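The chains referred to below are lettered A, B, ... by the order of the sequence lines, with proteins before strands, and numbering in each begins at 1. For clarity, every value in this text was computed on a predicted model and none was experimentally measured.
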Number of protein chains: 2
Amino acid sequence: MSAKREKILESKARKSQEELMGAVTLENITSDPRSQTVPTPSLRRLPLYLRLLRDYQAQGRTVVSCTQLASDLRFDPTQVRKDLALTKVGGRPKVGYPIAELIAAIEDFLGWRRTIEAVLVGVGSLGTALLGYNFSLYGLSIVGAFDSAPDKVGQVVHGREIMPIGYLTNFIRQRGIPMGILTVPASAAQSVAEMMVAGGVKAIWNFTSAALQLPDHVLVERADFSASLAVLTRALAHGARSLAPTIPKKEVT
Amino acid sequence: MSAKREKILESKARKSQEELMGAVTLENITSDPRSQTVPTPSLRRLPLYLRLLRDYQAQGRTVVSCTQLASDLRFDPTQVRKDLALTKVGGRPKVGYPIAELIAAIEDFLGWRRTIEAVLVGVGSLGTALLGYNFSLYGLSIVGAFDSAPDKVGQVVHGREIMPIGYLTNFIRQRGIPMGILTVPASAAQSVAEMMVAGGVKAIWNFTSAALQLPDHVLVERADFSASLAVLTRALAHGARSLAPTIPKKEVT
DNA sequence: GATAAATCGCGAATAATTTCTCTATTGGAG
DNA sequence: CTCCAATAGAGAAATTATTCGCGATTTATC
Ligand SMILES: NC(=O)c1ccc[n+]([C@@H]2O[C@H](COP(=O)([O-])OP(=O)(O)OC[C@H]3O[C@@H](n4cnc5c(N)ncnc54)[C@H](O)[C@@H]3O)[C@@H](O)[C@H]2O)c1
Ligand SMILES: NC(=O)c1ccc[n+]([C@@H]2O[C@H](COP(=O)([O-])OP(=O)(O)OC[C@H]3O[C@@H](n4cnc5c(N)ncnc54)[C@H](O)[C@@H]3O)[C@@H](O)[C@H]2O)c1
């Protein structure tokens, strides 16, 4: 049976990857006993709740039920309850959850109370947009911007002077920056990512379509436009026939 | 037992939402017999394979194995095989899959062979970046840009003249545009989305953080920065202690 | 041609996630 | 004070997604 060895081979390949995969992106980095394996889908939904909760709070409300949140997000109420349970904030029957507490708990859970510093590399269209965006509500602060184009270096974009790419690694190292944001062309992504890693970043937020090859201890998160686009286009192209008529039927609002 | 009625209530809430949820975003729109319920995670991974396949092709290769793809993406080889099976393109043992065929099949599967027209509303930082991006490889073409700011209207951005928001609904209706891209401030998102729906779009690509309330027949897909950020920040904030040292240990490359 | 190595493909097993069911609280109305 | 409706919470069940195990196929090599 030559099949025996084959299994071993593919299995080995799987094993070595295991530490980076799926929900695991989080778990293997997590040794903090508080953080039980958090379901990644739940983790990704938490910012949505947070956003809504802030709205409610701005409207002067102090409590909110799962039912309300679920209805606004078109989620299942039970799912909302499960997700919120992660924060350990308890709700009261017939009333709901205390909004202020929940906001604080979610922010804490996500690490958005304490600001994380990041550098951004590639001040093109997208990089410029991100530089202009205020991430303070998301616990993020972009403290340095880098580019390789000579005409960009020295320019001030949204209050930050663009530095030459050659300074990147040292800047990260000296300041102990934990995160790099990648908005260079895909072709430059790997080499820039390696510079970031050389400087010591622990995580990379990758807006390019490149599949980065980096050491396992670096967490790479794709901010992938194409994934969500795929869901849309697939539905439009293959399901359009059954979509509702152009003039929408009246719905409950 | 008053509980009885309660169950009925929450169940009803769930039922009415069922048609919009999770993987279902796709399925309930899909009546095409070809398209069996496609696992959403797989669907979202397909663009990644496509991207790599195009690279391989540019390098002159004609076939590629799951093992190779899996290794480049740090996925499980079996998962890659399952995902590619969606395309019905068969691979040959010991050789792999024909790259050209696979590319065509994935493009077709995603609906990226035939261009879908879209309008973009909100030509700010992000909107401008998107307008400048070439989505032709993604089967998308932004054919109109709108904004409400008087000083923006009439400007030409990336070859497109910005139109006043008042023209939006008619533009969509007259041209039969199926998709709207939302890059306005969150506070304006709901009202702009309603204009899009009034014009007859079938899908909305929502870059804002707003939770849109729209009729069920409109497919809304979030292009959510905060979700992926949540994964990163949570890991950095709560798992940093166990992350590798600043100076990365040597790894296989 | 026989043999070995790589890989596909399929069905089974496992794991993760979502949804359901039931019970217990809570606040308000009569 | 009692009843009712709304809701949280916890565990079970169902669903969905991933991973495994195995046999079959193909190519290269001896
Ligand atoms: N613009 C969008 O809307 C959009 C959408 C989806 C994905 N993306 C992705 O984001 C990335 C950036 O897109 P963009 O439209 O901003 O591109 P861009 O060309 O406008 O900007 C790229 C920037 O990176 C700089 N750069 C190039 N090589 C570099 C290097 N080696 N080191 C440092 N800087 C370097 C360039 O000088 C330029 O300023 C791309 O990978 C793109 O695929 C962009
Ligand atoms: N800039 C980013 O990097 C970034 C990142 C994540 C999310 N977003 C989201 O994308 C959206 C846009 O962000 P931005 O940074 O481009 O904002 P922006 O303020 O730069 O642009 C918003 C644009 O929308 C226009 N607008 C406002 N109200 C409008 C209306 N009713 N009708 C038509 N146009 C209207 C404004 O005139 C402006 O041009 C926001 O919801 C933001 O949360 C942006």
Which of residues 222-230 of chain A have a heavy atom under 4.0 Å from DNA chain C?
->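 Contacting residues: none.
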Hey, can you pull the residues of residues 90-103 of chain B with a non-hydrogen atom under 4.0 angstrom from DNA chain C?
->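 DNA chain C contact set from residues 90-103 of chain B: B:Gly90, B:Gly91, B:Arg92, B:Pro93, B:Lys94, B:Gly96, B:Tyr97.
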Please tabulate, for side-chain N and O atoms in residues 99-107 of chain A, each donor-acceptor pair with protein atoms closer than 3.5 Å (sequence neighbours left out).
| from | atom 1 | to | atom 2 | distance (Å) |
| --- | --- | --- | --- | --- |
| A:Glu107 | OE1 | A:Arg113 | NE | 3.4 |
| A:Glu107 | OE2 | A:Arg54 | NH2 | 2.7 |

What is the distance from atom [atom1] of [X] to atom [atom2] of [Y], rounded to the nearest 0.5 Å?
X: A:Asn206; Y: A:Ile181; atom1: CG; atom2: CD1; result: 11.5 Å
X: A:Ser191; Y: A:Met196; atom1: OG; atom2: CE; result: 10.0 Å
X: B:Leu140; Y: B:Trp205; atom1: CG; atom2: CH2; result: 6.5 Å
X: A:Glu117; Y: B:Leu236; atom1: CD; atom2: CG; result: 12.0 Å
X: B:Phe207; Y: B:Asp224; atom1: CZ; atom2: CG; result: 10.5 Å
X: A:Ile204; Y: B:Leu232; atom1: CD1; atom2: CG; result: 10.0 Å

What do the steps show when you test A:Leu43 against A:Phe109 for side chain to side chain contact (heavy atoms under 4.5 Å, CB included), and what is the final call?
-> CA-CA 9 Å; A:Leu43 182 52; A:Phe109 192 88; 4.1 Å; yes
With the side chain counted from C-beta on, respond yes when [X] and [Y] share a heavy-atom pair under 4.5 Å apart, and no when they do not.
X: A:Tyr97; Y: A:Arg81; answer: yes
X: B:Leu219; Y: B:Lys202; answer: no
X: A:Tyr138; Y: A:Leu110; answer: no

Figure out the [atom1]/[atom2] separation between [X] and [N], and round it to whole Å.
X: B:Leu84; N: D:dT18; atom1: CG; atom2: C1'; answer: 15 Å
X: A:Leu86; N: D:dA8; atom1: CG; atom2: P; answer: 15 Å
X: B:Leu43; N: D:dT18; atom1: CG; atom2: C1'; answer: 17 Å
X: A:Gln79; N: D:dG11; atom1: CD; atom2: C1'; answer: 17 Å
X: A:Lys88; N: D:dA10; atom1: NZ; atom2: C1'; answer: 14 Å
X: A:Phe75; N: C:dT17; atom1: CZ; atom2: C1'; answer: 14 Å
X: A:Asp83; N: D:dA10; atom1: CG; atom2: P; answer: 15 Å
X: B:Arg74; N: D:dT18; atom1: CZ; atom2: P; answer: 18 Å

Which nucleotide sits closest to the side chain of B:Thr67: C:dC8, D:dT18, D:dA8?
->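 Comparing C:dC8, D:dT18, D:dA8 against the side chain of B:Thr67, the answer is C:dC8.
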Closest to the B:Arg81 side chain, choosing from C:dT18, D:dA8, C:dG9 =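 Side chain of B:Arg81 sits closest to C:dG9.
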Salt-bridge contact B:Arg44-B:Glu221 (side-chain N to carboxylate O under 4.0 Å) =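 So B:Arg44 pairs with B:Glu221 through a salt bridge.
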Considering only nitrogen or oxygen atoms on both sides, find all protein atoms under 3.5 Å from nucleotides 1-3 of chain D and state each distance.
none

Do the side-chain N or O atoms of A:Arg44 get closer than 4.0 angstrom to the phosphate oxygens (OP1, OP2) of C:dT17?
->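 Result: no.
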Taking atom types as modelled and ignoring hydrogens, do the side chains of B:Gln68 and B:Asp72 form a donor-acceptor contact shorter than 3.5 angstrom?
->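 The criterion, which ignores hydrogens and geometry beyond distance, is satisfied for B:Asp72 and B:Gln68.
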Under 3.5 Å between N/O atoms: give me all the protein pairs with nucleotides 11-13 of chain C, atom names plus distance.
| from | atom 1 | to | atom 2 | distance (Å) |
| --- | --- | --- | --- | --- |
| C:dG11 | O6 | B:Lys82 | NZ | 3.2 |

Tell me, please, which residues at least two apart from A:Tyr56 pass ring-ring contact (aromatic ring centres under 6.0 Å, His included).
->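 Expected list: none.
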